[in-house]
Every structure is written in structure tokens, then in C-alpha cells.
Chemist: 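Have a look at the structure that comes next, please.
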2 protein chains.
Amino acid sequence: MRNLSISTPVPFKVVTIQDDFWSPYISLIRDVVVPYQWEALNDRVEGSEPSHAIQNFKIAAGLEKGDFHGMVFQDSDVAKWLEAVGYLLALAPDPELEKIADEMIDLIAKAQHSDGYLNTYFTLKEPEGRWKNLAECHELYCAGHLIEAAVAYYNATGKIKILDIACRLADCIHETFGVGEGKIKGYDGHQEIELALVKLYHATDNDQYLQLAKFFLDERGQSPHFYDVEYVNRNGQTHFPLLRMALDKSYSQSHLPIRMQETAEGHAVRLVYMCTGMADVAAETCDEQLLAACRTLWRNIVSKRMYITGAIGSMAYGEAFSLDYDLPSDTAYAETCASIGLIFFAHRMLQIEAKSEYADVLERALYNTVIAGMSQDGTHFFYVNPLEVWPDASGKNRNFDHVKHQRQRWFGCACCPPNISRLLASLGSYIYSVREETLYTHLYIGSQIELEFSDQKVQVIQHSELPWEGNVRFEFRMDQAFRFTFAMRLPSWCESADILINGIPYPINEDSLLDGYIHIDRQWDPKDIIHLVLPMKINHMKGNPLIRETVGKVALQRGPLVYCMEEADNGSHLHQLIIASDSNNHSYYLPKLLHGLQIIEVPAFRIREHSWGDQLYLAHVEDQLEQTTAYFIPYFAWANRGIGEMQVWVREQRF
Amino acid sequence: MRNLSISTPVPFKVVTIQDDFWSPYISLIRDVVVPYQWEALNDRVEGSEPSHAIQNFKIAAGLEKGDFHGMVFQDSDVAKWLEAVGYLLALAPDPELEKIADEMIDLIAKAQHSDGYLNTYFTLKEPEGRWKNLAECHELYCAGHLIEAAVAYYNATGKIKILDIACRLADCIHETFGVGEGKIKGYDGHQEIELALVKLYHATDNDQYLQLAKFFLDERGQSPHFYDVEYVNRNGQTHFPLLRMALDKSYSQSHLPIRMQETAEGHAVRLVYMCTGMADVAAETCDEQLLAACRTLWRNIVSKRMYITGAIGSMAYGEAFSLDYDLPSDTAYAETCASIGLIFFAHRMLQIEAKSEYADVLERALYNTVIAGMSQDGTHFFYVNPLEVWPDASGKNRNFDHVKHQRQRWFGCACCPPNISRLLASLGSYIYSVREETLYTHLYIGSQIELEFSDQKVQVIQHSELPWEGNVRFEFRMDQAFRFTFAMRLPSWCESADILINGIPYPINEDSLLDGYIHIDRQWDPKDIIHLVLPMKINHMKGNPLIRETVGKVALQRGPLVYCMEEADNGSHLHQLIIASDSNNHSYYLPKLLHGLQIIEVPAFRIREHSWGDQLYLAHVEDQLEQTTAYFIPYFAWANRGIGEMQVWVREQRF
């Protein structure tokens with residue numbers, strides 16, 4: 001028995017989502033996003049910058065002539081597409097899609113070198129540069145995505161070819177990196193390989209991959225600094241001269257050995273990918289010190305550096321964290337990918353210790369930033385997810401240059417759209433986990449799961465009305481009654497819940513509530529039904545008074561959804577609105593608004609400027625307040641009705 | 001008689017400042033700043049980047065060997081020093097200083113080419129590049145500063161040598177630029193030559209200089225665009241590749257012909273220097289259309305794009321204006337030089353039409369941003385003048401990279417310190433003006449002025465307790481009684497004033513109050529004394545509700561001084577303070593605080609974070625308010641007591 005007792009992840013294949021809210025998203029990924037991405041990867045999307053990603057593979061495979069084009073990490077776009085395809089095929093067969101993927105895998109195989117090396121940029125453009133600029137060139141990052149894709153596709157289809165490619169690549173990396181004579185004692189500028197190698201270890205049971213992941217983690221930030229060593233070795237050649245990637249060590253979290261890092265610094269996506277790998281390795285190797293480092297970084301993110309939308313990364317410079325409690329709404333970076341990485345990290349921590357705070361953050365990021373990142377037609381995406389936009393300032397105040405107020409069709413650096421695909425296509429794996437004799441429910445998403453406890457099979461069917469109403473029903477189906485613990489998360493957004501088991505109230509008390517989960521330990525009968533009612537009050541959320549941006553303001557949250565005001569409903573100059581703190585808010589469902597939304601109405605006042613004329617500053621004037629109503633829609637649905645202002649945090653006052 | 005009746009500027013030499021507040025500043029300029037700048041120009045300041053400015057002149061003069069070093073506009077630092085010396089010599093003789101200046105002038109003369117051309121950068125570094133990159137290379141800008149220096153020095157000393165250098169340079173420019181065959185139909189990327197040529201016109205009465213100024217103004221922004229033409233002519237050679245100076249036309253206000261510009265765009269210093277030249281030319285050529293363009297740009301600045309401190313320029317990118325009502329406190333650029341340029345513009349407008357709004361803005365910029373730009377010992381300077389600083393964020397949130405929280409000893413681009421010198425050394429010229437039979441007092445600064453009305457001499461002695469108390473006394477000295485109008489500005493910061501003439505109350509009514517000036521038209525007797533009392537209420541200033549930054553907040557202003565809170569008096573987390581709107585503020589003088597200051601105490605509440613622990617967001621919590629007192633000091637005095645937070649705008653609430 002390991003010292004560190006960890007939950008066994010429920011194999012993903014057995015969770016099927018059937019949910020009014022989420023099923024359409026998954027269909028969108030299957031029917032629109034993944035096909036659209038395939039077109040994009042093949043340079044067939046009109047009006048978009050060509051990706052050239054598949055062309056690069058064809059040229060590297062010797063099938064076509066030409067030069068490499070795109071970012072140094074262009075290969076990873078293909079891998080993320082393939083990973084999403086793997087998850088989709090696990091959900092439902094799709095022979096046509098599988099055929100396309102198999103052909104892509106054949107192409108990837110042809111682009112792989114005989115020694116296992118696989119990277120079209122270095123194959124085509126810098127054959128002498130292989131493994132010489134880890135700080136900047138994403139070589140292991142691309143390998144990591146290929147490995148993740150391979151594991152997903154193998155798990156879905158059982159086909160060994162892509163797993164074999166991944167193993168040969170990982171073996172090549174293993175030959176190249178490590179502490180032994182002649183090996184490179186280094187690591188990639190963008191973390192990703194670490195978590196991927198743990199997935200490969202799970203798929204193959206080959207401990208060498210786990211050890212390699214641990215090596216990469218523990219080398220990071222050691223002295224002498226690897227980036228400096230390789231910089232000298234390659235005579236100062238620099239790939240991105242403007243970004244100072246090799247110089248700014250905290251950008252890639254290599255300013256300190258990872259176990260000594262106490263704050264979330266640098267590029268936000270890198271940080272959460274690293275933390276995910278750390279948690280994976282901590283769990284697998286029973287490394288309590290590494291787990292403590294994970295907890296420290298988690299605590300810093302969620303208690304000091306996270307937006308209420310579950311977004312992270314407070315500034316455009318370096319797409320990075322800035323400092324504790326610095327959470328500006330309008331200049332936020334809040335990258336979609338970073339919230340997806342935060343979900344990965346939360347998911348791993350949840351496997352290690354079933355504490356609701358991990359699932360609370362996971363849910364927050366998922367229901368707000370992640371789905372805000374995609375338009376309702378699945379073809380337009382946000383990379384940056386601000387909490388306040390003032391479109392008039394666009395192009396005029398250049399501090400907002402990174403902020404778009406409309407989702408974009410595709411990106412030159414197309415990391416976010418395929419990340420959304422692979423997350424939503426695998427959403428089922430985030431709903432439940434099992435630890436010994438307890439089945440945990442983390443997310444309230446309509447779904448079916450089949451699993452085994454001590455040779456007993458049980459099927460759990462979840463019906464959920466979230467995020468619009470807090471009604472959830474669980475039905476158990478099994479051959480005979482048996483005893484296990486069913487644990488349901490009590491979300492941070494409700495103080496208590498009502499539970500009925502077969503119509504009979506079940507009291508929630510100190511004994512049953514543990515780490516934020518309501519535990520019901522009993523002999524469950526076939527056809528037992530649990531009704532769970534999570535009250536959905538409109539929560540007026542405040543920020544910690546150390547946050548400068550939110551003082552005097554509130555954000556409305558109902559259930560897991562953070563709300564925002566839009567110009568479409570409230571007119572312009574949203575900053576002039578003040579909601580009443582002691583008011584009677586109410587929410588109601590509008591079936592025709594943006595595919596159906598619960599909106600919130602709040603009595604409010606608007607400060608009017610009409611009496612001011614040309615005056616910019618005046619002494620001793622009373623604000624001219626006009627009574628009005630403020631309308632809020634869920635944040636994820638913003639920017640679907642043309643260009644306009646948007647604001648999450650709103651001033652609140654007692655009138 | 002001109003159509004456009006303009007005031008005659010009172011010759012500067014006759015105004016002597018004797019003022020408890022301002023005299024020490026002028027002494028500081030004389031005793032510390034100008035000598036310090038001379039050391040800096042001679043590369044004798046330890047620990048500072050060498051200026052090399054004088055060395056460049058020596059090399060260009062053939063007296064030493066070496067290469068040009070410094071910015072392309074390095075010459076202008078010498079010119080601004082010389083201009084300040086001119087003003088100081090006008091105030092009081094200083095043979096030693098005059099000797100140094102004369103030697104510098106000899107050196108400048110030797111660096112001048114036989115055709116009048118004078119610019120050490122092009123002489124030494126790019127002799128073939130003369131007049132080929134006006135968009136970027138500040139050639140006419142440097143010429144303008146040399147001309148301003150020449151006029152100041154000539155006016156002070158009567159010595160012709162530097163004026164002759166300036167005229168030869170201006171003649172060279174006149175030969176080169178214009179509409180005629182073979183002439184360059186262009187203008188400088190940084191406006192300055194325009195206002196300088198009008199000064200040279202005043203000094204020489206040579207109309208060609210006035211016409212040349214008008215030419216430069218009217219060419220700006222015409223089509224085909226001059227920058228594009230010269231860009232092609234020099235085969236795309238670029239001096240500052242990162243700045244896109246030639247490409248971004250609005251950066252240098254050449255996006256439209258100047259008479260068509262309705263908003264203040266681009267680099268703030270360039271804009272106000274341009275407006276100053278426009279007002280000069282409008283007045284001198286009776287150009288009503290040009291004056292209307294001045295008024296339009298003035299109105300846009302002061303009613304939509306100016307900080308309450310009289311600062312302009314809302315963003316670091318391009319040191320520039322952004323858009324209407326965009327006035328962020330913490331990322332402000334608010335360059336010291338830009339406020340000085342705004343004072344120049346206000347001063348010119350005030351000469352054209354005696355409306356108190358010009359003097360109000362002039363006073364606002366002077367008492368707040370300009371003197372905040374210099375430390376109390378005269379050796380440290382702010383280039384950027386934010387209205388809020390959070391030192392912890394420095395170096396961490398890179399949006400604040402341009403903001404320093406301590407004044408710096410010198411700058412590589414040392415434009416601001418010498419600009420402060422030349423403004424304060426010539427401060428006397430901003431106090432009064434004369435228009436027909438009316439003597440206007442714009443600023444309440446202790447001083448003596450001698451002037452003539454219709455062959456009568458009058459001496460006015462002003463005693464002022466500003467900025468600490470609103471008591472002002474005027475004494476008239478003349479040989480015999482005579483009639484004229486004495487007009488005193490009623491500042492925007494007081495609603496009314498009390499006037500006693502020889503102890504007898506003088507009523508202010510609709511007839512006497514015109515355009516913000518109290519006019520007293522009477523037969524003045526020798527030894528007449530006016531007591532003017534300007535009430536100094538503590539004004540709780542609000543921003544126009546269209547300003548996003550200031551909504552729900554106030555800035556305290558007492559007399560002309562805008563106040564701020566500092567961490568030294570209020571502890572950290574200044575954003576947690578809320579002042580009471582209906583409170584009894586009071587102010588008192590602390591003689592030992594920072595050389596003596598009137599401070600303001602306001603009952604306040606502080607939102608405490610203690611009960612929050614590790615929570616970042618909470619539902620339905622009441623703010624924990626702690627009763628306290630907020631202390632405010634004048635904004636100009638901030639950052640003299642170590643590193644700490646500072647905040648001008650503070651939340652205000654009724655409790």
C-alpha cells in the first residue's frame with residue numbers, strides 16, 4: 001500500500017453525458033469544432049491565416065516538397081486535434097472520423113525519425129538544432145502533446161500504432177535527457193512533457209516514463225541554470241529575440257527549484273501545466289514534499305491570484321501572473337488555456353484528496369472562462385477573457401491591445417480552440433471519482449456511470465437541471481443491494497442543501513459533511529433515488545479587501561455561473577450603474593435569449609452626466625441618480641450580440 | 001488695428017517674484033538645478049549616464065576628437081539649459097554664470113556651419129542625412145530650442161551673438177523649407193520650431209520667421225503625406241524602428257491638417273507645443289480660423305482629457321493621449337513636460353482672450369504636476385506623474401513599467417528637468433498681462449511689476465499667502481492718481497471672494513465679474529491698497545460621470561492644490577479607505593512636515609481584510625469598517641518620505 005493514498009480515477013470511457021446544458025457543447029465539439037479544426041489544420045478555412053501544420057508533416061514525411069511554416073510549436077495543434085478525436089471516439093464510434101485520424105497517424109509515423117525523434121520544425125528547418133534551444137523552442141512541449149494524443153487515441157480505439165510512435169519518441173527523449181554521462185540535464189521552456197509522460201506511464205506501465213517526468217520536474221530551476229548553459233552552448237542564438245525567454249527565468253517557472261516555489265509566477269499556462277505534472281508525479285511516487293509544493297502553489301493561485309471567473313494571468317506581458325491580489329478587470333489576460341490548465345491541476349488534486357475546494361475551482365473555471373472562450377456556434381474563440389471591456393478604448397488606449405471584444409475566428413497561435421475541444425470532449429472524466437468504497441460526485445452534470453465496488457456492479461444515473469436550477473436526481477441500478485458511500489459535493493455557492501432518499505429527508509450534519517462533501521454511507525438498494533436540491537440564491541460576491549479592483553463592488557453569481565452586465569441590455573457607460581445592496585433581485589429564464597438563459601434583474605441607480613456639460617471636475621456636486629434596473633446575463637454568454645461594453649464587477653451601495 | 005485684438009504680453013524683465021512659496025523654488029533653480037544640469041551636460045555627475053551633450057558640441061566645433069553620443073535630440077538639453085540661464089540673468093545679474101554661458105555660446109558658434117546649419121548629431125554622425133528624416137530626427141525641434149534659448153539670452157543680456165547664431169540657423173531653415181522650387185515642403189516630427197520662430201519674430205521683427213512658423217503649421221497633415229514622401233526619398237531608412245514614428249501619423253498630430261483636428265491625439269508634448277505655436281501664429285496673423293482650431297483643441301483637452309492635477313497623456317504607449325474621459329490614475333503617463341507645454345498653450349490663449357479658464361488650468365498644472373516633477377532638493381525628477389501608485393506592483397505588473405515611485409536623479413532622455421528650470425525661472429511672466437487699459441492678474445504670487453499705461457507709470461506690489469491661505473494684498477505706487485481697470489482672477493476653486501479697497505468693502509456683482517475676472521475700473525490713487533480674500537474651502541472634487549476611473553470617488557482640493565494620501569500617513573492599502581461625504585474636514589499647517597505644508601484631516605472608514613483569511617471571494621459579507629482618520633498632503637509633495645503607496649482619488653460615501 002502506498003503511503004500517499006490516492007483515489008483511483010474512474011476510467012473515462014464509462015461516463016456518458018446526457019445533459020441539457022452540456023450535451024449540446026459536446027455535440028458542437030463533435031459536429032463543428034473538431035471538423036472545423038481539421039479544415040484549419042489543412043489550410044482550408046477561407047480568410048484565416050493558413051496553419052500549415054499538416055503540410056509540415058507531409059513535407060517531413062517526404063510526401064511533399066516545401067518549407068516549414070508556422071510557429072515552432074505548430075505540430076502541437078495536430079496533436080491536440082487528435083487528442084480530442086480520441087475522446088470523441090471513446091464517447092461514440094465514428095468510422096469516418098477514425099479513418100481520418102488513422103491516416104493522420106500514418107502521416108505522423110512517416111515523419112518520425114528512425115531514432116524516434118519527431119518534430120517537423122527541427123526536421124525541416126533546423127536539423128542541426130535538435131535539443132539545443134529547449135528554453136525557447138517547445139520541442140518537449142510538442143512531444144508532450146503528441147503523447148497525450150496517443151494515449152487518448154489508444155484508450156479510445158485500442159489501436160497501438162500511435163502509442164508505439166509515442167513510446168519511440170519518449171524513448172528517444174529518455175536516451176537524450178537525464179543525469180547520465182552525455183545526457184542533457186535540462187528541461188523544456190514550456191511544461192507539458194511531464195504530465196504527458198505520466199499518462200504514458202499509465203497507458204504502458206513503464207516506470208521509465210514516470211521517472212523521466214520526475215527528472216524534468218526536479219531539474220527545473222537548479223543551478224547552474226540550464227538555460228544559461230545551453231545559451232552558451234549554442235553561442236547565444238535566440239529564437240524569439242523580443243521575448244527574453246531564456247533570460248527571464250520566472251517566465252517559465254525556472255527561477256527556483258519547483259519544490260521551493262511558493263507563489264504562482266510567470267506564464268500562467270506553463271505554471272498550471274507544471275503543477276498538473278507535479279501532482280501526477282507526487283501521487284504516483286508518494287512524494288509528500290512534492291505534494292506540499294502543489295498545495296502551496298494551489299493555495300497561492302486560488303486565494304490570491306485568480307479571477308472570480310476562474311481565470312488566471314493578470315497581465316498581457318508574458319501572459320503571466322503579476323502579484324498577489326492584483327486582478328485588474330480590463331487589462332486582464334485570463335487566457336482560456338490557462339483556465340483549462342487550472343482545471344487539469346484541480347482535477348489531479350481532487351484525485352489525491354477529495355476536498356470540495358478543488359472541484360469548486362474546477363467548476364468555476366469550466367462554467368465561466370472555458371465556455372466563454374467559445375462562441376455559441378463553435379467557430380469563434382476568445383484567447384483573452386477580460387472581466388470588463390470598453391470597446392471605445394480599443395486601439396486608442398494601447399494597454400488594451402491584447403483584449404478583443406469579439407471572439408476571433410482562429411489564431412496564428414491557435415492554442416486555445418483545440419484546448420477547449422479536448423477538455424469538453426473528455427468532460428465526463430471530471431464528474432466522478434472513486435476512493436476505496438466511496439463514490440464522489442464532483443460536478444452536477446447529467447450522466448451515466450458504471451463502476452465496480454468489491455465485485456459489485458453499479459450504474460449511477462444523474463439528472464441535473466444545472467446551471468439554471470439546483471435540482472439533481474441520482475438513480476442507482478444494480479443487481480442486488482450493497483453498501484458503499486455516496487459522496488456529493490456541497491458547492492461553495494450554497495450554504496446547505498436538501499436531500500431526499502426515496503422521498504425521505506436525509507439530514508446533513510457534521511458527521512456527514514466532510515471536506516465539503518455530503519457522505520451517505522448505507523446499504524443501497526436497486527432503484528434507490530436521491531433528490532438533491534442545491535438552493536440557487538443570487539449571491540452578491542465580494543472580493544477580498546486586499547484586491548484593489550473589487551473594493552466597493554460586487555459580482556453576481558447564481559449557482560456556478562458568474563454574471564455580467566452588457567451594453568445590449570443596459571446601455572453604454574456601465575460604470576455609471578450602482579446596484580442596491582438590500583434590493584430584491586430576481587432571476588428568470590428567457591428561452592429565446594442566446595439559446596436560453598437565466599437572467600438576473602436588480603434594482604439599480606445610474607449616475608447621470610447630463611448636468612455636467614463640458615465640465616470635467618466640479619466641487620461639491622451631488623451625484624444625479626436615476627432609478628433603473630440592471631440586467632445581468634451569465635458571463636459565458638457575453639459578446640454574442642455585437643460589440644458593446646461588458647462588466648462583471650459592479651458598484652453596490654445601500655440606498 | 002488688428003481684427004483680432006490681443007493683449008500685449010508684459011515684458012518679463014519687470015516682474016520680480018518675492019513670495020514665500022515660489023521664491024525658494026526660483027532660488028533652487030538658480031542655486032541647484034541649473035548648476036546641476038551644467039554638471040550633467042558636462043558628464044560630471046557621478047552615477048548618472050553621461051549626457052555627452054557638450055562634448056558633442058566640442059567635437060562638432062573641431063576642438064576635440066570623438067564620436068557623437070546620446071539621443072538624436074541631445075543638443076536641445078544644452079539649449080534648454082541656456083534658456084533657463086537667460087531667464088535667471090534677467091532676474092538678477094550673475095557674472096560667473098554669464099561667463100559660462102558666453103563660453104557655451106562661443107562653442108555653439110564654432111559648431112555652426114557656414115550656411116547657418118547647426119545640429120551636432122547630423123554634423124558628426126550623418127552629414128549626408130541632413131533634412132532627410134524630419135519625421136524621426138528632431139532636427140527642427142533642436143533648432144527651435146536653440147532659438148528659444150537665443151531669444152531668452154538676448155532679452156536678458158542684450159548680447160547679440162547667440163541671436164545672430166539663431167537667425168543664421170533660422171535663415172538656413174528658411175532657405176531649405178517652403179513652397180518654392182527645390183524647397184522641402186515638410187515639417188518636423190516634434191513640434192517646437194513653430195513657437196520658437198514666433199519668439200524670434202518678436203525679437204527681430206523679421207516677418208519671414210512668422211511666415212515660416214505658419215508654413216510649418218499649415219503643411220502638417222497635408223496630402224500627399226510628407227513623412228511618406230521623405231520615407232521613399234530616403235529609401236525607407238528608419239531611425240527608431242520600434243516607434244513607427246513615420247507610420248503612426250497621429251503620434252505627431254499629422255493625421256489631419258491642423259485646422260481640421262478636433263481632438264487632442266498622439267504624443268502629448270508634441271500636441272501642446274503645436275497648439276502653443278498655433279495660438280502664437282493665430283494672434284500675430286489675426287487668423288480667426290486658426291484661433292478657432294486652438295479653442296477646439298483646448299476644449300477637448302480641458303473638458304475630456306486632462307487629469308485633475310493638470311497632467312495630460314493617459315498612456316505610456318507613445319507618451320500619448322488615448323480617448324475622451326480615459327484618465328486612469330495608475331497607468332497614467334502625465335509627463336511633466338506635457339503639463340509645462342499645456343501651461344505654454346494656456347498662457348498664449350490667455351494673451352489672446354482674458355478668460356479665467358486658461359489661468360485656472362495654468363495654475364492647476366503649475367501647482368500640482370509641474371512642481372511634483374521635482375524633489376524638494378532640486379536634484380531628483382519625475383518624468384511620469386501618476387495619480388496613484390502601488391509600489392508592490394512595480395516590476396511585477398509590467399503595465400506600470402513606466403511609473404517610478406521615487407524621483408530619479410537624471411534621465412537618458414532628460415527633457416523634463418530642464419523644462420522645469422526654464423518654466424520656473426520665467427514664472428514672473430505668467431502672473432500678469434495687460435490688454436488696453438486693463439491690468440490682469442492671473443496668478444496670486446508675491447511679486448512686483450512696473451508698467452506703463454498711457455504714459456503713466458505704475459508699480460504694483462502683490463503680497464500673497466497662497467497656496468496655504470487665500471489672503472492677497474495689492475499695493476499701487478505711482479506718481480499721481482489715474483484711471484485704469486485692475487482685473488483679478490476669481491479662481492475656479494472659490495465661489496466668491498471678498499475685496500476691500502483701502503479697508504472699504506468692494507461689492508462683486510454681475511457687472512464687475514467678466515470672464516472669470518473681477519474688474520475694478522476706477523481712479524487709482526498712489527498707495528491704494530486692495531485686500532483680496534479667496535476662501536479656501538476644502539473642495540471635494542468629483543469627476544465627470546463619463547470618467548470611469550473617478551466614479552464614486554472624490555479628490556480633495558484646497559485652493560489650487562490637489563491633495564493625495566500617502567502610505568507614510570495612512571498605512572498601506574490606501575484603496576481600503578473611504579472618506580465620509582458629510583464629514584467635518586479640517587486643514588492645518590505643519591511647519592516641520594516637508595518644509596511646511598497645510599495638511600487635511602478627514603473622518604474616514606477603512607475596510608478591513610482580517611476576517612477574510614485565505615478567502616478570495618465570499619458571498620453576502622458585510623464590509624468590516626473601522627473608523628479612522630485619513631490624512632492628505634498636497635500632491636506636489638508626494639514621494640519625499642521613502643517608498644510608499646499614494647492615491648489622489650478616494651472613495652467617498654455617506655455614513
Side-chain angles (χ1 to χ4, degrees), chain A residues 299 302-306 308 314-318 320-326 328 330-331 390 392-393 396-399 401 492-493 495 537 539-548 550-552 555 557 573 575-576 578 607-609 612-621 623-624 651 653, chain B residues 299 302-306 308 314-318 320-328 331 390 392-393 396-399 401 492-493 495 537 539-548 550-552 555 557 573 575-576 578 607-609 612-621 623-624 651 653:
Chain A
R299 180 68 45 234
V302 304
S303 70
K304 290 175 180 159
R305 302 188 176 201
M306 181 183 72
I308 195 165
S314 295
M315 61 175 171
Y317 183 97
F321 292 99
S322 56
L323 68 157
D324 288 350
Y325 302 111
D326 182 40
D330 55 357
T331 56
W390 182 24
D392 286 353
K396 290 176 181 164
N397 185 326
R398 306 297 295 265
N399 285 328
D401 276 4
S492 64
W493 41 264
E495 283 165 22
K537 229 164 78 172
N539 285 330
H540 286 222
M541 305 296 293
K542 283 204 169 148
N544 187 307
L546 290 170
I547 307 174
R548 306 168 88 81
T550 62
V551 73
Q557 185 177 341
H573 312 314
H575 68 281
Q576 295 179 339
I578 313 169
I607 305 176
R608 296 323 307 239
E609 76 279 7
W612 278 69
D614 256 359
Q615 298 298 322
L616 196 55
Y617 304 107
L618 286 175
H620 302 281
V621 286
D623 287 334
Q624 299 296 313
R651 291 175 62 216
Q653 213 167 293
Chain B
R299 180 68 45 234
V302 304
S303 70
K304 290 175 180 159
R305 302 190 176 200
M306 180 183 72
I308 195 166
S314 294
M315 62 174 171
Y317 183 97
F321 292 99
S322 55
L323 68 156
D324 288 349
Y325 302 110
D326 182 40
L327 294 159
T331 54
W390 183 23
D392 286 352
K396 290 176 180 164
N397 185 326
R398 307 296 295 267
N399 284 330
D401 275 6
S492 64
W493 42 265
E495 283 166 20
K537 229 164 77 171
N539 285 329
H540 286 222
M541 305 296 292
K542 284 204 168 145
N544 187 306
L546 290 170
I547 308 174
R548 306 169 87 82
T550 61
V551 73
Q557 183 177 342
H573 312 313
H575 68 280
Q576 294 179 338
I578 313 169
I607 305 176
R608 295 326 304 241
E609 75 279 9
W612 278 69
D614 256 359
Q615 298 298 323
L616 196 55
Y617 304 106
L618 286 174
H620 302 282
V621 287
D623 287 334
Q624 299 296 313
R651 290 176 61 215
Q653 213 168 292

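Letters go in sequence order (proteins before strands), and every chain restarts at 1.
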Chemist: Do the side chain of B:H573 and the main chain of A:R548 share a donor and acceptor less than 3.5 angstrom apart?
Modeler: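 Not confirmed, B:H573 side chain does not pair with A:R548 backbone.
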Chemist: Which bit of B:D401 is near chain A, if near means a heavy-atom gap under 4.5 Å: side chain, backbone, both or neither?
Modeler: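 For B:D401, no heavy atom lies under 4.5 Å from chain A.
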Chemist: Scan B:I547, B:V302, B:N544 and name whichever one has a side chain to side chain contact (heavy atoms under 4.5 Å, CB included) with A:Y617.
Modeler: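 Single pass found, and it is B:I547.
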Chemist: Tell me, out of B:D623, B:I607, B:T331, who's got the most heavy-atom pairs with chain A below 4.5 Å.
Modeler: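 Winner by heavy-atom pair count: B:D623.
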Chemist: Between B:M315, B:R398, B:K396, which shows the greatest number of heavy-atom pairs under 4.5 Å with chain A?
Modeler: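 Winner by heavy-atom pair count: B:R398.
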Chemist: Output the option from B:N539, B:L546, B:L327, B:V551 having the highest count of non-hydrogen pairs under 4.5 Å with chain A.
Modeler: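 Among the listed options, the one with the most contacts to chain A is B:L546.
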Chemist: Select one option (side chain, backbone, both, neither) describing which atoms of A:D392 are under 4.5 Å from chain B's heavy atoms.
Modeler: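 Both the backbone and the side chain of A:D392 come within 4.5 Å of chain B.
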Chemist: Show the numbers, then the answer: is there a side chain to side chain contact (heavy atoms under 4.5 Å, CB included) between A:L616 and B:Y325?
Modeler: CA-CA 9 Å; A:L616 196 55; B:Y325 302 110; 4.0 Å; yes
Chemist: I need the B:D326 CG to A:N397 CG distance, nearest 0.5 Å.
Modeler: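 One finds 4.5 Å between CG of B:D326 and CG of A:N397.
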Chemist: Looking at A:E495, A:H540, A:R608, which one has more heavy-atom pairs under 4.5 Å with chain B than the rest?
Modeler: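 Maximum pair count with chain B is reached by A:H540.
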Chemist: Do you know which of A:L323, A:N399, A:T550 has the most heavy-atom pairs with chain B at a distance under 4.5 angstrom?
Modeler: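 The option with the most such pairs is A:L323.
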Chemist: Identify which of B:M541, B:Q653, B:Q624, B:Q557 forms the greatest number of heavy-atom pairs closer than 4.5 Å to chain A.
Modeler: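 Sorted descending by pairs with chain A, the first entry is B:M541.
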Chemist: Give the minimum heavy-atom separation between B:Q576 and A:P545, together with the two atoms involved.
Modeler: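 Answer, listing the atom of B:Q576 first, then A:P545: NE2-O, 3.0 Å.
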Chemist: If I measure from the heavy atoms of chain B, does A:R299 come under 4.5 Å with its side chain, its backbone, both, or neither?
Modeler: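 When you check distances to chain B, only side chain atoms of A:R299 fall under 4.5 Å.
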